[in-house]
Amino acid sequence: MNNNCYLIIDEKTNKSALVDCTEFNQKMIDLIGDTKLEYILLTHGHFDHIIGTKEVKEKYSCKVAISSEDEGMLSSARLSLALFFNEPQNDVSADIIIKDGDIINLGETEIKVISTPGHTKGSVCFIAEDYLFSGDTLFYCSFGRTDFPGGSEKEMLSSLKRLKKLNGDYKVMTGHDETSTLDYERKNNPYMKLL
């Protein structure tokens, strides 16, 4: 599904955090490399963003963080939509329940949680320095689907408006397909331009 998965590394301590965990294979092991994986930070609970979470958690003894609204997706093939796409569920439990405004400390790097419902009730974005990890909220000149259970176009537009109002520019690391910048999206995303 052209999912993106990102590794945030704190250079001082070599501690790392995965943003979404789309698979578990040699490619994922190579991505993590010799870093000290502390967290799996989930932007939301749909199956294509969590499939590798159980095995990565077991291999690296890291902590899984997700919002309370999406936590149930970690152990329900119906809620995660895995059932409807005939994909594996790989039940796993959350270690940290995150909410809007939380700060996750990764060594000396601060990762801020921003609640952005719309794609799911519990969708969040993460900000680390000048990077915005937008999950399935903000895409290149588009936004995530709102027609799945728990989705809401009204909430999505409110979330996009919130992102638009963030101070400064950010490199937008999307949940699917190509990346962008927040300034580019403010100027060119047809949905953001209307807000």
Quiz item: After noting the C-alpha distance and the side-chain angles of Leu163 and Met192, does the key distance pass the side chain to side chain contact (heavy atoms under 4.5 Å, CB included) rule?
Solution: CA-CA 9 Å; Leu163 294 180; Met192 269 196 165; 4.0 Å; yes

Exercise. Would you check if the side chain of Glu185 reaches a backbone N or O of Cys141 as a donor-acceptor pair within less than 3.5 Å?
Key: yes

Self-check item: Ionic contact status for Asp30 with Lys27, cut-off 4.0 Å
Solution: no

Practice problem: Apply salt bridge (charged side-chain N to carboxylate O under 4.0 Å, His left out) to the pair Lys121 and Glu155, showing each step before the final yes or no. | Solution: CA-CA 9 Å; Lys121 287 291 181 191; Glu155 288 184 330; 3.5 Å; yes

Quiz prompt | Criterion side chain to side chain contact (heavy atoms under 4.5 Å, CB included) on Ile98 and Ile104, from CA distance to verdict | solution = CA-CA 9 Å; Ile98 52 177; Ile104 298 162; 4.1 Å; yes

Quiz item: Shortest non-hydrogen contact from Pro149 to Leu81?
Solution: CD-CD2, 4.2 Å

Quiz item: Is the backbone N or O of Ile8 less than 3.5 Å from a side-chain atom of Tyr131, with the two atoms forming a donor-acceptor pair by type?
Solution: no

Quiz item: Mind checking what makes side chain to side chain contact (heavy atoms under 4.5 Å, CB included) contact with Ile9, not counting sequence neighbours?
Solution: Leu7, Asn14, Ser16, Thr35

Self-check item: Check: Val64 main-chain N/O paired with Asp95 side-chain donor or acceptor under 3.5 Å
Solution: yes

Quiz item: According to the ring-ring contact (aromatic ring centres under 6.0 Å, His included) rule, which pairs have a member within residues 160-180, sequence neighbours left out?
Solution: His49-His176, Phe139-His176

Self-check item: Fellow cluster residues of Tyr140, listed by chain then number, with links counted only when side-chain atoms sit under 4.5 Å apart
Solution: Tyr184

Quiz item: Which ring-ring contact (aromatic ring centres under 6.0 Å, His included) pairs, counting each pair once, include a residue from residues 54-90, with sequence neighbours left out?
Solution: Phe47-Phe85

Exercise. Look only at the side chain of Asp136 and the backbone of Gly144, and say whether a donor-acceptor pair between them is shorter than 3.5 Å.
Key: no

Practice problem: If you link ILVMFWY side chains whenever their heavy atoms are less than 4.5 Å apart, which other residues fall into the same cluster as Leu194? By chain and number, please. | Solution: none

Exercise. Quick one: do Asp91 and Lys54 satisfy salt bridge (charged side-chain N to carboxylate O under 4.0 Å, His left out)? Show the steps, please.
Key: CA-CA 7 Å; Asp91 290 359; Lys54 178 182 180 182; over 6 Å; no

Quiz item: About how many Å separate CD of Glu38 and CG of Asn105, when rounded to the nearest 0.5 Å?
Solution: 11.0 Å

Quiz item: When you look at Leu132 and Cys125, which way does the side chain to side chain contact (heavy atoms under 4.5 Å, CB included) test go after all the steps?
Solution: CA-CA 7 Å; Leu132 171 65; Cys125 295; 3.8 Å; yes

Quiz prompt | side chain to side chain contact (heavy atoms under 4.5 Å, CB included) partners of Glu11, counting only residues at least two apart | solution = none

Self-check item: Listed partners of Lys187 passing side chain to side chain contact (heavy atoms under 4.5 Å, CB included), at least two apart
Solution: none

Quiz item: Does any pair with a residue in residues 97-119 pass salt bridge (charged side-chain N to carboxylate O under 4.0 Å, His left out), and if so which ones, sequence neighbours excluded?
Solution: Lys12-Glu108, Lys99-Asp102, Asp100-Arg162

Self-check item: CG/Asp147: more than 12 non-hydrogen atoms of other groups inside 6.0 Å
Solution: yes

Quiz item: Should the heavy atoms of other residues, nucleotides or ligands under 6.0 Å from CD of Glu129 be counted, would the total exceed 12?
Solution: no

Exercise. List in chain and number order the residues that pass side chain to side chain contact (heavy atoms under 4.5 Å, CB included) with Ser93, two or more places apart in sequence or in another chain; answer none if no residue qualifies.
Key: Lys57

Practice problem: Identify the residue among Leu138, Asp183, Thr179 that makes a side-chain contact (heavy atoms from CB on, under 4.5 Å) with Val172. | Solution: Leu138

Quiz prompt | Pair listing, ring-ring contact (aromatic ring centres under 6.0 Å, His included) test, anchored in residues 98-130, at least two apart | solution = His44-His119, His46-His119

List the atom pairs, donor and acceptor, that lie under 3.5 Å between side-chain atoms in residues 67-79 and the rest of the protein, sequence neighbours left out.
{"residue": "Ser67", "atom": "OG", "partner": "Asp70", "partner atom": "N", "Å": "3.4"}
{"residue": "Ser67", "atom": "OG", "partner": "Gly122", "partner atom": "O", "Å": "2.8"}
{"residue": "Asp70", "atom": "OD1", "partner": "Thr120", "partner atom": "OG1", "Å": "3.4"}
{"residue": "Asp70", "atom": "OD1", "partner": "Gly122", "partner atom": "N", "Å": "3.0"}
{"residue": "Asp70", "atom": "OD2", "partner": "Gly45", "partner atom": "N", "Å": "3.2"}
{"residue": "Asp70", "atom": "OD2", "partner": "Thr120", "partner atom": "OG1", "Å": "2.7"}
{"residue": "Ser76", "atom": "OG", "partner": "Arg78", "partner atom": "N", "Å": "3.4"}
{"residue": "Ser76", "atom": "OG", "partner": "Leu79", "partner atom": "N", "Å": "3.0"}

Practice problem: Would you check if the side chain of Asn4 reaches a backbone N or O of Asp177 as a donor-acceptor pair within less than 3.5 Å? | Solution: yes

Self-check item: Side-chain (Lys164) to main-chain (Leu195) donor-acceptor, under 3.5 angstrom
Solution: yes

Quiz item: Hey, is the main chain of Thr22 close enough, under 3.5 Å, to the side chain of Asp20 for a donor-acceptor pair?
Solution: no

Quiz item: According to the ring-ring contact (aromatic ring centres under 6.0 Å, His included) rule, which pairs have a member within residues 9-28, sequence neighbours left out?
Solution: none

Quiz item: Taking atom OG1 of Thr53 and atom CD1 of Ile51, what is their separation to the nearest 0.5 Å?
Solution: 9.0 Å

